[in-house]
Number of protein chains: 2
Amino acid sequence: MSSESHRPTQEDVAREAGVSRAVVSYVINGRSGGNVRISEKTRRRVLEVVQRLGYQPNVNARSLRTRRSQLIAVMVPDLTNPFYPLMIRGAQAVAQRAAYDILVYDCDDQPARERSFVQAMLGRMVDGVILVAFHLKAEDVSLLTRAGIEVVGVGGELRPLGVDVVVPGEREAVRELMRHLIDRGHRSIAHLAGPPDTPPGRVRLEAYRQALAEAGIPDDESLVRYGTFDREHVADLVGSLFSSSRHGAHPTALFAANDVMAIEAIRTLARLGWQVPADVAVCGFDNIPEAEVVMPPLTTVDQDAEAIGRRAAELLLERLRAEAPLPPREVKIACRLVLRESA
Amino acid sequence: MSSESHRPTQEDVAREAGVSRAVVSYVINGRSGGNVRISEKTRRRVLEVVQRLGYQPNVNARSLRTRRSQLIAVMVPDLTNPFYPLMIRGAQAVAQRAAYDILVYDCDDQPARERSFVQAMLGRMVDGVILVAFHLKAEDVSLLTRAGIEVVGVGGELRPLGVDVVVPGEREAVRELMRHLIDRGHRSIAHLAGPPDTPPGRVRLEAYRQALAEAGIPDDESLVRYGTFDREHVADLVGSLFSSSRHGAHPTALFAANDVMAIEAIRTLARLGWQVPADVAVCGFDNIPEAEVVMPPLTTVDQDAEAIGRRAAELLLERLRAEAPLPPREVKIACRLVLRESA
DNA sequence: TTGTATGCGTTATCAC
DNA sequence: GTGATAACGCATACAA
């Protein structure tokens with residue numbers, strides 16, 4: 001029992017084992033290569049002392065020396081969005097195996113934080129970063145890459161910046177969803193779109209239009225309403241699509257750009273006296289927990305956040321292990337259609 | 001523009017400013033105390049060079065020297081439980097202001113991970129830890145404290161271990177909830193309990209009993225059913241309480257130990273032909289997102305996870321700043337009754 | 001008021 | 001094979 005909280009160092013181990021500090025370092029790091037060979041007997045003795053003393057390397061000293069912090073930062077727009085905890089879990093599962101710890105930066109939907117967190121990452125000297133950022137400029141990201149920090153982006157926004165990206169197959173998923181509706185006979189399908197100045201809003205709208213075109217259904221701009229990804233305005237928008245005066249010719253299906261809007265739409269429709277899915281089929285996007293509980297349960301799309309996190313971490317680790325610089329890569333993670341009762 | 005990614009050091013700043021390295025260090029750290037005073041003129045010049053060169057301290061070197069990593073670890077049982085992201089957000093808000101970064105460890109409900117993460121924290125030499133752990137033994141925690149790592153626990157489990165704890169006012173909240181039911185005339189209130197070997201399960205059951213006693217309602221053990229905090233068995237348990245054969249004298253209210261069980265109970269009751277809240281009032285605990293969406297919306301209890309995270313981080317920072325050891329403290333965070341339509 | 005010197009614990013380069 | 005020894009970048013007691 002050592003006096004005080006004196007954590008044993010390589011020095012202590014070396015003394016106890018009767019070898020030099022360098023030998024301990026070699027044994028610890030399994031430095032079998034090079035012109036240095038440690039005898040099996042010595043190796044064992046050192047390891048035994050390491051055990052006995054409970055020696056643990058000092059990460060700070062190691063980092064100072066190797067310029068590797070064994071730290072990965074994950075920056076997300078909104079930690080309370082259930083997508084991100086899952087993504088983080090996926091990333092952590094991969095990182096943990098390679099002895100990396102995960103630093104979480106939650107922007108809480110405040111754009112200014114993205115930049116200030118970039119500064120924090122720089123200061124913390126993380127080895128790599130998984131970024132989900134909507135407001136970062138190319139120069140912010142290049143701050144990271146120039147500092148030798150590897151960057152992987154999640155979502156298409158960062159693609160133009162020349163970093164690895166992991167993107168969910170949103171287009172394909174919307175296509176599949178629309179096909180499902182069309183197969184069930186729907187021809188008049190409305191869309192509750194997200195803000196067209198956000199990438200997801202734009203992508204989902206485009207994919208919606210494309211799916212209609214593929215099915216030979218003429219584009220009808222009057223079936224599209226623009227919302228804000230939250231509950232606000234949904235009641236009005238749905239009202240304008242399904243006002244009772246239009247009971248004659250109304251859309252028979254509604255595709256909302258996310259589940260929050262879809263759920264609010266279902267409630268609004270119920271208030272207006274429409275049956276879902278009998279009168280109107282409704283589907284969303286994201287597969288949030290509420291989607292399973294709403295009545296009727298919501299047909300939607302699951303992005304497999306965990307897989308996205310895993311792949312992002314894998315790309316990052318590959319880069320961290322790579323000798324030479326790698327070209328920017330793009331990985332697409334397929335979404336999964338979740339068929340429930342609402343459509 | 002420096003060649004390569006050579007990050008400027010204090011040495012560079014000193015050379016550029018025509019002073020010694022020590023002066024730079026003093027200026028950076030605002031060492032106004034002690035017997036060292038830096039002239040305002042020098043100070044300004046150094047700061048100017050710092051700006052110009054974009055100097056940022058090397059955290060690893062600093063940590064090696066100061067034995068402070070400026071890192072706080074947060075360990076949670078299950079990151080996909082919406083309670084924890086909120087708690088982390090609260091902790092981060094506080095930590096960020098004091099220049100601490102947050103390391104997240106998600107146990108994914110695997111008890112074994114708790115101990116392995118303790119090892120990770122030890123190795124990472126974090127300054128402090130916020131623990132939400134159900135399976136940690138006293139010796140695991142003392143591993144941390146003996147290493148000089150400050151520990152704050154969330155939930156009552158860690159109280160016996162002599163560390164600071166932040167606990168939600170569950171008892172008071174259950175009492176309030178029960179009072180609400182009793183005030184509305186309910187006398188036969190059933191309880192869907194959690195596993196009695198878990199602290200929350202036990203606490204909520206005890207508080208339920210106590211509330212009945214306070215109201216002078218005789219204890220009726222036949223009104224209590226033990227579940228598992230998830231959907232499993234809920235249908236059977238509710239069935240046994242509200243089988244149609246008992247339509248005569250049935251409980252008029254049901255308090256479930258958490259929202260997941262409460263929501264499943266509502267659905268089961270609907271299937272059995274009971275109206276909520278007309279025939280049976282139902283309430284839960286936790287205020288998960290689904291609680292707002294289920295029909296009827298669920299009356300429940302919100303634990304204010306963000307406040308819990310904030311307070312935990314505050315306690316931690318106080319300890320980290322303290323000169324002398326502090327006695328173990330306990331902070332209770334009041335829960336908030338969320339009255340909706342189900343009760 | 002400023003500069004010098006030392007050590008924090010590792011890794012890695014050399015001679016031996 | 002092994003053992004000194006020099007960085008890594010910073011903070012600080014102490015000398016000037």
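Remember, it's a predicted structure, so these values are computed and weren't measured experimentally. Order of the sequence lines sets the chain letters (A, B, ...), proteins ahead of strands, with each chain counted from 1.
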(request) May I have the distance from A:Asn29 (atom CG) to C:dA12 (atom C1'), rounded to whole angstrom? (result) 10 Å

(request) Run the salt-bridge test on B:Arg45 and B:Glu48 with the 4.0 Å N-O cut-off and return the result as yes or no. (result) no

(request) Scan B:Val19 against the nucleic acid and name what it touches under 4.0 Å (heavy atoms): base, sugar-phosphate only, or nothing. (result) sugar-phosphate

(message) Just so I know, are the side chains of B:Arg113 and B:Met75 near enough to count as touching, which here means a heavy-atom distance under 4.5 Å?
(response) no

(message) For a quick test of reading the model: is some side-chain N or O of B:Ser25 closer than 4.0 Å to OP1 or OP2 of D:dC10?
(response) no

(request) Using whole Å, report how far CE of A:Met125 lies from P of D:dG9. (result) 9 Å

(message) Protein within reach of the bases, or only the backbone? For nucleotides 4-9 of chain C, mark each nucleotide 5' to 3' as B, S or -, using heavy atoms under 4.0 Å.
(response) B-BBBB

(message) Distance check needed: D:dT2 P versus A:Arg15 CZ, whole Å only.
(response) 19 Å

(message) What I want to find out is whether A:Asp78 reaches B:Arg89 closely enough, with some N-O distance under 4.0 Å, to be called a salt bridge.
(response) yes

(message) When you measure from the side-chain N and O atoms of B:Thr42 to the phosphate of C:dT2, is any distance below 4.0 Å, counting only OP1 and OP2?
(response) yes

(message) In whole Å, I'd like the distance from the CZ atom of A:Arg68 to the P atom of C:dA12.
(response) 12 Å

(request) Could you tell me which residues satisfy salt bridge (charged side-chain N to carboxylate O under 4.0 Å, His left out) with B:Asp12, sequence neighbours excluded, listed by chain and number? (result) B:Arg15

(request) Take the protein atom CD of B:Glu11 and the nucleotide atom P of D:dC8, then report the distance between them rounded to whole Å. (result) 9 Å

(request) Flag the pair B:Arg44 and B:Glu40 as a salt bridge only when some basic side-chain nitrogen lies within less than 4.0 angstrom of an acidic carboxylate oxygen. (result) yes

(message) A side-chain contact here means heavy atoms from C-beta on lying under 4.5 Å apart; do B:Leu326 and B:Leu315 qualify?
(response) no

